[in-house]
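Just the heavy atoms: all of them, side chains too, but no hydrogens, waters or symmetry mates, feed the values below. Ligands are counted one by one from 1 in listed order, and the atoms in each one are counted from 1 as well.
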Amino acid sequence: MSRSAHPAGPRHADVLTEGHYSAPAADLNVLDEKVWARTVTRDADGALTVGGIAVARLAEEFGTPAYFLDESDFRARCRAWAEAFGPDADVFYAGKAFLSRAVVRWLKEEGLNLDVCSGGELTTALDAGMPAERIAFHGNNKTVAEIERAVGAGVGRIVLDSFQEIVRVAHIAQRHGVRQRVQIRVTVGVEAHTHEFIATAHEDQKFGIALADGQAAEAVRRALSLDGLDLVGIHSHIGSQIFDMAGFEVSARRVVQLLTEVRDEHGIELPEIDLGGGLGIAYTSEDDPREPHEIAKALSDIVTRECEAAKLRTPRISVEPGRAIVGPTAFTLYEVGTIKPLEGLRTYVSVDGGMSDNIRTALYDAEYSVALVSRTSDAEPMLVRVVGKHCESGDIVVKDAFLPADLAPGDLIAVPATGAYCRSMASNYNHALRPPVVAVRDGEARVIVRRETEEDLLRLDVG
Ligand code: LLP
């Protein structure tokens with residue numbers, strides 16, 4: 001990611017010349033709409049509002065830290081993905097990004113399907129009324145109990161991830177007297193340009209079955225030979241937070257190649273391909289994500305072209321965006337606590353949350369933006385590191401950013417684009433209480449996941 005030095009400000013001249021951060025925006029009060037949920041704006045008093053409600057009111061009613069999720073933005077993004085791919089394709093929201101019963105209901109109402117990867121996610125989906133046939137079940141180590149439940153519930157597809165699982169699912173399906181619809185997840189050998197922990201299509205890792213050495217073709221042979229399985233397609237997920245479409249195109253091409261080999265060997269044209277999720281979003285002004293219609297066109301063009309060349313019927317495409325739907329729709333609201341200027345370095349701004357509500361900075365070196373949201377300010381920009389309250393120096397929420405130099409304890413600051421993989425990866429480290437998720441829409445705010453309480457902690461600790 002390109003980083004540029006910025007002309008020295010008044011307080012941190014030494015570090016400013018090192019240039020490990022973007023230049024501050026010309027006006028720190030202006031919100032870059034790329035990184036904020038769609039209904040976020042500033043009101044006449046300069047306070048940030050979402051869904052028509054000012055953050056001061058939200059903080060008073062729901063406390064901080066808290067995630068505020070713009071429901072109409074979430075729904076609009078679901079619709080944009082569904083419309084972009086059209087009736088001949090399927091969009092599965094990846095529940096791992098963030099799942100709750102309210103989210104399941106929104107997905108159901110907006111016509112999306114759901115990808116789950118654990119018994120807990122499956123329970124949430126079924127409990128909130130997602131029809132089982134619209135659920136895909138993933139995972140590299142599904143337990144027998146999880147497979148039993150998924151098959152018993154009648155999920156629309158199970159994505160097989162290993163040779164052992166092919167046999168396991170087949171046996172369980174037979175015991176249930178059904179033919180389970182399945183896809184086989186393959187690793188296509190693409191090096192996705194993203195953090196190594198979230199890249200999943202290179203061969204040396206735990207997911208999927210490799211295409212390269214004929215393993216995937218062998219997996220197809222075995223799946224086709226088992227009565228309990230109805231093999232409907234091939235699945236590939238190359239990684240996460242990816243901007244470059246080239247990796248998806250290579251992946252699509254290699255999956256179509258496998259479909260061709262399957263047709264040639266078995267005389268069967270598998271009717272589906274799933275190209276996974278992984279589309280990047282803007283965390284800072286420097287990120288330029290693609291729109292769903294561009295992604296849909298790029299993927300469907302390549303699949304259609306490759307299939308025509310191979311004289312193969314074009315399969316039904318599905319995708320599994322998680323981050324691209326929920327990520328931009330939420331921000332985390334924090335109250336500023338201790339402010340510690342380190343002369344010649346930067347100013348440490350401590351907030352009332354931290355790595356327990358956003359582990360992504362510590363885990364992936366992720367970049368975020370931040371803004372003062374309870375008021376505007378004309379003060380000079382100061383270089384800050386936003387840190388949490390945990391007993392760990394890696395407890396960083398925003399590595400390098402600018403906030404106004406008159407920032408004071410009690411101010412509210414917000415970190416945008418925290419809808420994906422923040423609440424879902426939140427922890428109780430230091431016995432922190434996981435923050436609530438509050439859905440805001442048309443002037444109304446309601447808790448969809450409540451804040452944890454100390455009673456919750458004690459209830460699990462059975463003495
Ligand atoms: N489909 C499959 C099979 C996946 O494994 C994933 C994500 C997705 C879809 C959704 O990917 P998305 O569109 O959300 O990028 N915790 C990491 C991301 C891990 C993603 C795991 N799999 C992070 O915070 O960046």
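Contact annotation for Tyr364 and ligand 1: only side-chain heavy atoms (C-beta onward) come within less than 4.0 Å of the ligand. When heavy-atom distances to ligand 1 are checked against a 4.0 Å cut-off, His237 comes that close only through its side chain, counted from C-beta outward.
Near Pro321, the atoms of ligand 1 lying under 4.0 angstrom from a non-hydrogen atom of the residue are 13 (O). Taking every heavy atom of Arg185 and a limit of under 4.0 angstrom, the matching atoms of ligand 1 come to 3 (C). Listed by number with element, the atoms of ligand 1 under 4.0 Å from a non-hydrogen atom of Ala94 are 8 (C), 9 (C), 10 (C). Using a 4.0 Å cut-off to heavy atoms of Gly277, the atoms of ligand 1 that qualify are 1 (N), 9 (C), 13 (O). Near Glu320, meaning under 4.0 Å from one of its heavy atoms, ligand 1 places the atoms 1 (N), 2 (C), 3 (C), 8 (C), 9 (C), 10 (C), 13 (O). Annotation for ligand 1: atoms under 4.0 Å from non-hydrogen atoms of Asp115 are 1 (N), 9 (C). Residue contact check: Gly322 has heavy atoms under 4.0 Å from atoms 12 (P), 13 (O), 14 (O) of ligand 1.
The minimum heavy-atom distance between Arg263 and Ala310, with the atom names listed, is NH2-O, 3.1 Å. Across Leu229 and Val182, no two heavy atoms sit closer than the pair CD2-CG1, 4.0 Å.
Using a 4.0 Å cut-off between charged side-chain N and carboxylate O, Arg38 and Glu33 make no salt bridge. Taking a cutoff of 4.0 Å between a charged side-chain nitrogen and a carboxylate oxygen, Lys142 and Asp161 do not qualify as a salt bridge. By the 4.0 Å N-to-carboxylate-O rule, Arg134 lies too far from Asp90 to be salt-bridged with it.
By the 4.5 Å heavy-atom criterion applied to side chains, Arg157 and Phe92 are counted as neighbours.
Taking 4.0 Å as the cut-off, Gly278 counts as a neighbour of ligand 1 on heavy-atom distance. A heavy-atom separation below 4.0 Å is not found between Ala324 and ligand 1.
Remark: Arg360 fails to qualify as a cation-pi partner of Tyr368 under the 6.0 Å distance and 45° angle criteria applied to the six-membered ring.
Remark: ligand 1 and Ser240 share an N or O pair separated by less than 3.5 Å (distance only, no angle test).
The distance between the ring centers of His138 and His235 falls below 6.0 angstrom.
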